[in-house]
Amino acid sequence: SAAFTRIAEMFPGAERIYTDRMPLSDRIGTKKTSFPLCTLYPDTKEGAALSLIYSADPDFAPLLDGNRQPLFAGEEQLDPDAAAEVFGGDMPLTQSRLDRYVLCAFGFECDYVLKLKPKTRYEFGAADTGNLVHRILEKFFSAVTDEAGHIKELTAKERAELIDSIIGEFVSGIFCGHGRQQLTERAMNLFLRLRRSVTVLIDNLLEEFGQSDFVPAFFEMKITNGGAPGTVSPLEIPLPDGTKAYVYGIADRVDICRRGNDVYVRVVDYKTGKKEFKLSDVIYGVNMQMLIYLATLSENAEARYGGNLAPAGILYVPASRPTLSVARGTSKEKVRQEETKKLRMNGLLIDDPDVLHAMEPDGAGTYIPVTIKNGAPARRDSVVSPGEMDAILRRVKDLAASMAEELHRGRVAAVPLKGDTDACQWCPYFAVCGREQEDAARQMGKWGRDAALAEVTRKGEHTDGTELDA
């Protein structure tokens, strides 16, 4: 830690002793503090001796037995009283909670019921870089966008100065106001690379906005109660027991396009990692965030925009500078073209020629994942009809309702999702649940586009009993 490093620098002659490197026998202390050692190191002589001691102690024997019992066994769930206390009544949810629950209900319980805190190494990692890129893009475009959504033109110098100012503000905040003179060489290089990457991203976004009839309406739009400016009320989902679930969150960006009395809305999300929208994910309740936000806007934002609100779609924007392989001497223009190809958005849009041309008038598919040929999309991978989009939005509401119902029942079994999405791959609670790779899991299947669309939009019943009609 930083504190340890600073103290060590103050006393350079002091011996450094790391607890995790000490012999196990030297780490045994009180009965309470030593208990984890017998479960963490059961195959050592020290762990075996501790197990004998705790097995004979009536206060610790039940805990020891509990640690030896895999938590995935059977259909683990909270008893009715506990479930009612934790989840009873109207249920506030966020997209991150829904994502966690669909990946593994037991992981959800560890995070949000038991409130376990995995050991964290404090460093400026990939997630922090991603968050910083989000903040820089939000602050930059908020600064250059007027109330009507028009982006003012900047010279290259003005753009660079604004980017430097925003990054400098964040650097000062991260390093407690000490500024760049206090940065290590590694940190300085990190921020210089970040500056170059963000400049490429902003240039690409400015080009996309410059040719599109869609304009940004909100950056970092909060979905919450209260009706404050720049917010939208959460999605309200009725449940069979008479209670309701509400889904809160923050949308990176919301764009609109006016066509007469109609207002088309699209939700945009910045992704620093590799992110590709797959309709088949929705079948399993995975990656529904953007669709949930689009459903929220479609239902709750009409009064704010003053027209008939219609969903235009969702788009993921690559928010990291692409890696290119080009020959030495390649022109800057050619490099820029290759970067633009790599920065092409992906997602799901409605198959409406007027709306698609509003996003990209020449229909070339330079920015959006749709190329128009002979008045129609050349491929249908990233488009659905308006009716199909409505059915998809209804389905994600039903899936969210089903998850809320399961939580009301206290179902928190350790039966993870497996397949293209592997819930166990980065789970910090793998050692807690005791699950083995061959144990029960919910397996994701392989779906083609048409089969996935048919499954997501098939007729059925909503959780309130009304017919789902695509």
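Only heavy atoms go into these numbers, but all of them, side chains included; no hydrogens, no water, no symmetry mates.
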- Query: Could E299 and K397 be called an ion pair, given the rule that one side-chain N must be under 4.0 Å from one carboxylate O?
  - Reply: yes

- Is there a donor-acceptor contact under 3.5 Å from the side chain of Q211 to the main chain of M359? yes

- Item | Donor-acceptor pair, side chain of D252 and main chain of Y270, under 3.5 angstrom | yes

- Query: So among F106, F108, Y284, F87, which one has a ring-ring contact (aromatic ring centres under 6.0 Å, His included) with Y101?
  - Reply: F108

- Message: Ring of Y112, cation from R100 - is the NZ or CZ under 6.0 Å from the centre and inside 45° of the axis?
- Response: no

- Message: If only side-chain N and O atoms count, and only distance matters, is there a donor-acceptor pair under 3.5 Å linking N261 with N308?
- Response: no

- salt_bridge(E339, K342) N-O dist < 4.0 Å: no

- Message: Would you say CD of Q425 has more than 12 non-hydrogen atoms from neighbouring residues, nucleotides or ligands within 6.0 angstrom?
- Response: yes

- Query: Going by an N to O cut-off under 4.0 Å, is there a salt bridge joining R253 and E138?
  - Reply: no

- Could you tell me whether K418 atom NZ has more than 12 heavy atoms of other residues or ligands within 6.0 Å of it? yes

- Could you give the distance from CD (E208) to CZ (R344), rounded to the nearest 0.5 Å? 12.5 Å

- Task: Assess whether atom CD of E85 is packed by more than 12 heavy atoms of other residues, nucleotides or ligands within 6.0 Å.
- Result: no

- Pair D354-Y264, side-chain donor/acceptor within less than 3.5 Å: no

- Ring centers of F141, F209 separated by less than 6.0 Å: yes

- Query: Partners of D420 by side chain to side chain donor-acceptor pair (under 3.5 Å), sequence neighbours excluded?
  - Reply: K278, K446

- What heavy-atom pair brings L417 and V102 nearest, and what distance separates the two atoms? CB-O, 4.0 Å

- Is K222 atom NZ crowded by more than 12 heavy atoms from other residues, nucleotides or ligands, each under 6.0 Å away? no

- D146/K152 salt bridge by N-O under 4.0 Å criterion: no

- Query: Is it true that D255 and R266 have a side-chain N and a carboxylate O under 4.0 angstrom from each other?
  - Reply: yes

- Query: So, for F140 and I202, which heavy atoms are closest and what is the spacing to 0.1 Å?
  - Reply: CE2-CG2, 3.4 Å

- Query: More than 12 non-hydrogen atoms from neighbouring residues, nucleotides or ligands closer than 6.0 Å to CZ on R379, yes or no?
  - Reply: no

- Message: Once side chain to side chain donor-acceptor pair (under 3.5 Å) is applied, do any residues pair with R259, and if so which ones, sequence neighbours excluded?
- Response: D213

- Message: Is it the case that the side chain of D90 and the backbone of K244 share a donor-acceptor pair, with hydrogens and angles ignored and the cut-off at 3.5 Å?
- Response: yes

- Note on the structure: Heavy atoms of L348 and F277 approach each other most closely as CB-CE2, 3.7 Å

